[in-house]
Amino acid sequence: MIQDSIYLKNYARIYGKAIFHADTLREIQLYYSMLNFVNDTESEVRLDYLKQFCMTDNDIELIAPLPENQNYIDFMFEIASHGKNEEILMAVLPCMLSYSYIFRKLAAVPTSRQSRYWDFIKDHADEQYAESCKEWSAFAEHKCAGLSVANKKYLADIFEKASLLELAFWKMAYRNERMEENAK
Ligand SMILES: Cc1ncc(CN)c(N)n1
């Protein structure tokens, strides 16, 4: 949750770039709806968890990102610096889509309701969130439809790279767990 708070603050910055380079108002509204989920819906639950650790977003400002988190942030910033919205979309979408996919699977496991992270799971497993993910994906398909095969391949590689950075972010939690085990 702490590393995620750092990640999400930087993730939100990417939308500043995307909105600036958007072609249409509809496009701005789509980016805004993605940012709105991260910054409002998701943040509400996130702040509740931080509270359980006696922390607020002000405390997060003093904590450094772990390497896996920093790598992911650097990658998104690098892509955003090109100022091309098709590329930015490929870098930001795995964050939104993978959570819908993973948390819907998790929510279907009966014992998940006993998890201390149930509120977090529930939000991301939500039907409305899945519908929004479909809308964002359809927008990306539409935006990229007329591109050359080579360009599509380049964009698919960005999507894949961002997805692998998501995976590394998940694994980061287990790395710390192992380090704690080893320290015992
Ligand atoms: C690393 C990461 N990826 C995705 C999400 C879901 N928005 C998240 N909160 N954090």
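Order of appearance sets the numbers: ligands from 1, and atoms from 1 within every ligand. A quick note: this is a predicted structure, and the numbers were derived from the prediction, not measured.
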For ligand 1, what N or O to protein N or O distances fall under 3.5 Å?
from	atom 1	to	atom 2	distance (Å)
ligand 1	3 (N)	E166	OE1	3.0
ligand 1	3 (N)	E166	OE2	2.7
ligand 1	7 (N)	E42	OE1	2.9
ligand 1	7 (N)	E42	OE2	3.4
ligand 1	9 (N)	D4	OD1	3.4
ligand 1	9 (N)	D4	OD2	2.9
ligand 1	9 (N)	E42	OE2	2.5
ligand 1	10 (N)	D4	OD1	2.6
ligand 1	10 (N)	Y99	OH	3.3

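Sorted by first and then second residue, the salt bridge (charged side-chain N to carboxylate O under 4.0 Å, His left out) pairs with a member in residues 56-75 read K9-E61, R46-D57, E68-R175; sequence neighbours excluded. Within the structure, every pair that satisfies the salt bridge (charged side-chain N to carboxylate O under 4.0 Å, His left out) test and touches residues 91-109, not counting sequence neighbours, is listed here: R104-E127.
Between R26 and E135 there is a salt bridge, since at least one side-chain N of the basic residue sits less than 4.0 Å from a carboxylate O of the acidic one.
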Side-chain donor/acceptor pairs under 3.5 Å, residues 15-24, sequence neighbours excluded:
from	atom 1	to	atom 2	distance (Å)
Y15	OH	Y11	OH	2.8
D23	OD2	K143	NZ	3.1
T24	OG1	E27	N	3.1

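More than 12 heavy atoms of other residues, nucleotides or ligands sit less than 6.0 Å from atom CZ of F139.
Between Y99 and W170, the ring centre distance stays below 6.0 Å.
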